[in-house]
Each structure stands twice: as structure tokens, then as C-alpha cells.
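Each chain gets a letter, A, B and so on, in the order its sequence line appears, and its residues count up from 1.
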Protein chains: 2
Amino acid sequence: MSQPATVADVAAVAGVSRQTVSNALNRPEVVRPDTLDRVRSAIETLGYRPHASARRLRTRQSSTLGVRLEPVHGISGAVLDRFLHALVEHADARGMRILLFTARDVDDELTHIERLVEGSDVDGFVLTSTFHGDPRPGWLADRDVPFVLFGRPWGQSAERAEVLPWVDVDGRAGLRAATAHLLEAGYRRIGFLGWPSPSGQGDERRHGWQDALAAAGLPDQVQLVCEDDVSAATEVVTRAVADGAAVDAVVCASDTLALGARFALGPDVPVVGYDDTPVAEALGISSVEQPLGDAAAAALDLLMGTGRSVLPAPTGHRLLEPTVVWRP
Amino acid sequence: MSQPATVADVAAVAGVSRQTVSNALNRPEVVRPDTLDRVRSAIETLGYRPHASARRLRTRQSSTLGVRLEPVHGISGAVLDRFLHALVEHADARGMRILLFTARDVDDELTHIERLVEGSDVDGFVLTSTFHGDPRPGWLADRDVPFVLFGRPWGQSAERAEVLPWVDVDGRAGLRAATAHLLEAGYRRIGFLGWPSPSGQGDERRHGWQDALAAAGLPDQVQLVCEDDVSAATEVVTRAVADGAAVDAVVCASDTLALGARFALGPDVPVVGYDDTPVAEALGISSVEQPLGDAAAAALDLLMGTGRSVLPAPTGHRLLEPTVVWRP
DNA sequence: TTGAAAGCGTTACCAA
DNA sequence: TTGGTAACGCTTTCAA
């Protein structure tokens, strides 16, 4: 196989014209069965594969989705990694490919996005790590570039947020479930360790904790705040306990914080983290696990509907339920 | 910008022919300066970008490299992630893109690779996680598909290994340095916790430990073996100590093992891991850090030489020195 | 149901 | 140095 076979080669072997080969490939129902068979066996013997670039040039579709590969962020880096993995798999099943790019910051990301769009390199984007004041959704929507967010459009106006396509995991429900479970197990003084406000995900998770406490008639529990850093978390919790804070269990906004809390409180005080990272698993810390495979599938559903190409203007959203992984 | 501009549009605006625009883009030195200026300003005003697929169809180069995104493997998952990140950045700087694919196992990986090659989707591959009996290098070499290994061609015949292109980090040097440093600090009974043989990287790392001990005239130290799992490691070390093994420091083949050793020995016995994962950082465990950015750059150097396209048959190799990150 | 012809946007070749 | 012409491999009209 010095030179890859083309439609013309297949057509010659099958004794039909090029277009018939193309039809056999793309609209098999329109070709007579025995012709179809001849074409298919010709494809088989020649080891023919359509030339991706040629097809893309003709169809004006790249069948490719752009995804920014973000810098690894500490312990939770594996989360986006797992999402990406699931995304690649589901995309493959739908005939789509994932093209990576990196960027220093959001402005740089928009520059890259612009280049990819203008070079017709991608049909759309999956945007991760949404945040308050995120300029990307607006930028893309203004230019009619299809996209879907993994993460809610925090801080967007209500009308805009309503039509923006996004997939997210319901952190509030996750922490609500974790807290409720601890309450059932008899714990009464359940503290929360989270990030400073405003933080989309962080505030959601705090609300989940509050929901469960309110439902149990136990408001006003200990609430601590610090940056997402193990030593900082250890220090905050240690100081709070020294100052007389009463907790017999702690739910946290992340595994990083949970790890700090565990160091401060020892193994006898139940701690629940978020993201179910390998660290939580290794240290036997309970954690809220995001259904990342489902999230990836949902993102593609929103972006592509039931078809095999990206919708011109995706819309709608999906909020997925996480599950709590309990460890001794 | 309803319809993206093409070379023809640029040519019309600049008052030249299509070909001159193409030349201005790809071989500017062959175009007269003032013509070049006219073309460039036309490109500017039109916001023209070459259509990637059209160019690829014509040049028969995809300017794309295929990389398998592997399942996240516990604590060390971040390593390939960081390598991938660096690879995307360096590739971008060289006008190359990274296309991801996933696979269940090596056979499935070869199937994917075949598909990508036959569809002219990629110009070559960067293969990670090489292992004894790896069929991929042979498969690709047999078909003249360019590739480079991140990891040595373990277990390949000497002649074949000699011409195979690979980049790797010298784990042996890393553990030698770590062990030597501990020896200088006065530790004399330095144990090693590693993986079962044969393991390319694992055996290398063990040799590094042995090198340093032999140089210091202190052979026959405690050597332990277990699978790459935290609890297994904890158990193995705990049992060894209970059985009378004498160690006042331990170097390990991975951060996972180091974590287990830390649990078994407590914070007063120095433990050195490998890969400098976020976990090691969070727990204050010293670790050998791989220069992943350099590895990615070296991989592309091997694959592309100094040019902007993949070499037909890359060859040569590069062994990089890791550094030890010491923590209190 | 099948075939002929056109064209997607680009670059390579050759002549001017 | 510049421009005309011809592909690259594919799909999409439109006729037969």
C-alpha cells in the first residue's frame, strides 16, 4: 500500500462510478444491495479509507471539537482529565475528534479559539472551568460559533443564561446528600469548609450543606473559609478548633480542603471531600464523585442533538446528580 | 464575515493572482517587498486565514500528531497530563496540532492508529507508556509511520532499539541522586521500595539506588517489592519493619509507594517518591521530578528535526536528567 | 439507481 | 517575480 486508495480506485475495482462509491458510503439506503456489496468488498480488498481532509474541505465540516487543555491544578487536576477522557470516547463514537489547545489565560484562549474557527479547524468548542465574568460564552455566541459549557454560566444575565447550552454537576445536591447522610449517622455538629464567595461552585456546595442542616432543624453550624490549599486548610481548621469551634464532622468544597481538615482533625472525625480524587481514595477520605462520563455524553448531546454534526446554535442544559463515595 | 475569505478574495483586493498570495504566505522571500506589503494588508483587512483542510488536502500533510489519552492511573495520572500539556504547547509553536484518541488496550490502540493513518488524519504519533513486549514500535516502523516514544523501547532487540526514536527521563540517575543525597545527610540504612521485575522504569530506578549504595560501600540494604498501591505498600513496609528490617530512610519507585511507606514509617523517616505528584507536594514528601517540558520538546525535535513537518523516519534518542525536590 | 460534471480552497508546476 | 493551469480526494447537484 504505497499510495492510499481513493474513491476512484474503489470505483474501478467495483466497476461503478465514483459517486456510487460515495453514496454507498454516506447514503447506503439509496444504493442497490448487490451494488453495495460489490463496493463494500472493493473497499475491503483495497483497504480504502476516506481522506479526512478532502471530505472536510468538501463538506465544510471539520468533525472536530476544540478543547483547552488546562494547566494541572493540584490535586483536582484529574477531574478535567477524566472528563476529557470520557469526552474523547463519546466523541469518537459520534464520529467527532478532539483537538487540543493550551492558553495562558482567557484572552489568550480567545485568540486561540479565533484562530481555530477562522482556519475551519473545528466545528465547535467544549468550554470547561466556567467562572464569574467569563467572557467566552458571549464572545462565541456573538460570532455564532457553536459551543457547550461544562459548568454553569455563572453570573450571566438570566435571559442569556437561559439560552446558553451548559452541562453541570449539582454540587448542592451532592453536599446536601453528604450532610444528610452524616445526620442520619447521628452526627449533629457538622461544619463546612469552603472557598471565599463569590464562587459559583463553592457557593452551591455551601448551600447544599445549609439545605440539609435547615431540613434537620440544625442551622448555625461552624462555617470556615480558605483558599484551595492543603496547609492553609489545615491551619484554618486547627485554629478554629483551638478557638472553641465545635464540630464532630466536616464537609468540604474540595478534596484539597478535606485533606487539610483530615490533618487538623485526625482520622476519627469524618470528613467529606469533593471530586473523589486519587488522593481521597488513597487516604480513605469520603468524597462526592462527579458523573464525568455522563457529563461528557450530555455535553455532546447538547452540542450535536441526535445527529452526527454540530448544531448551528446549541441550547438547553443538563444538571447531573453526583454520588457520595463513603469510606470507613 | 458571513463567508470566510479565500486566497481568491485576497488576490482580488491586492490586485495579484492567487498564486502570489500563496507565495506571500509560504515563501515570502520569493515575493517582491511591495507586493508582499499589498498582499499582507489585504489579508489584514479581509481577516483571511488559510483553510486548514484545503491546505492539508493539497500538501498531503495533516500537521497533526496523534496521542493516546490514557485512562487516569491513580496518583501519577498527572504526569502524562503534564507531558501532554507541554506537548500541545510546543507543538503549537511548531505549527502542529495534537489529536487525541483513547483505546481500551494496545490492540485497540493499534486499530485506532491504523484508522488515523489511513484517513490521513495524522502525520505521526507520540507514544507514551512503553513497556516490555510493546508491539507498537514494530507495527509503526513496518508501515513507515513516523513516531517517537516517550519511554525507552524496553525489551526490543539491541539493533532495533538503536534506531528507534525515543525520549526518556533517567530514573536511574534520579534515584542515584536521591540516595546519594540521603547518604550525605548521614543516613546509612536506606531501603528501596519498588515494583516487581521485569519493569523497565522500575528496574532502572532500583539500579540507581544500588549505584549510590555501592559507591558508598554500603550494599545489601533492605529491598521491598509490591504493586503500585498505597495500602499494599503500607502493608509491605509495616510487615518488613515488624520482621526486623532496619531502615532509617526509604527511596521508592513512585509517589504511590512513597505514600504507603510514609504511612508505615511516620513522618520522622525520610521517604523519597517519584514523579513529584500533587499528593507528594500536599503531604510534604520529597520526590524525583521529571522534566516533562523538556521531554516534550525533545520528542518534537526527534520527530521533526528543525523543520515544521514530521521527518519520514525519525531516529535517535534523548535521555533527560530528573531533579529531586526535597521537602522538610 | 447510476453516472457525468462541477467545485470546495489550497499549492505545485511551468511558462511568461 | 508573477500568473495560468492543474491537481489533491471528496461530495453534491443534476441528467440519464
Ion pair check, Asp92(B) and Arg115(A), cut-off under 4.0 Å: yes

I need a per-nucleotide contact map over nucleotides 5-11 of chain C, read 5' to 3'. Cutoff is protein heavy atoms under 4.0 Å; write B for the base, S for backbone only, - otherwise. BBBBBBB

With under 30° as parallel and over 60° as perpendicular, where do the rings of His132(B) and Trp154(B) fit, or are they tilted in between? tilted

Do NZ/NE/NH1/NH2 and the carboxylate oxygens of Asp108(A) and Arg68(A) come within less than 4.0 Å? no

Report the C-alpha distance between Gln19(A) and Ser17(A) in whole Å, list the side-chain angles of each, state the deciding distance to 0.1 Å, and finish with yes or no for side-chain hydrogen bond (donor to acceptor under 3.5 Å, both in side chains). CA-CA 6 Å; Gln19(A) 310 60 331; Ser17(A) 74; 3.2 Å; yes

Between Thr20(A) and dG3(C), does any side-chain N or O lie under 4.0 Å from OP1 or OP2? yes

Is the shortest distance from a Lys or Arg side-chain nitrogen in Asp142(A) or Arg160(A) to a carboxylate oxygen in the other one below 4.0 Å? yes

Would you mind classifying the nucleic acid contact of Thr35(B) as base, sugar-phosphate or nothing, using non-hydrogen atoms under 4.0 angstrom? sugar-phosphate

Integer-rounded Å distance: dT2(C) C1' and Arg38(A) CZ: 11 Å

If only atom types and distance count, is the side chain of Ser62(A) paired as donor or acceptor with the main-chain N or O of Asp121(A) below 3.5 Å? yes

Using 30° and 60° as the class boundaries, would you call the ring planes of Phe101(B) and Phe125(B) parallel, tilted or perpendicular? perpendicular

Please confirm whether the backbone N or O of Ser41(B) pairs with a side-chain atom of Thr45(B), one donor and one acceptor, at under 3.5 Å? yes

So how far off straight is the helix from dT1(C)-dA16(D) to dA16(C)-dT1(D), going by the axes through five pairs at either end, to 10°? 30°

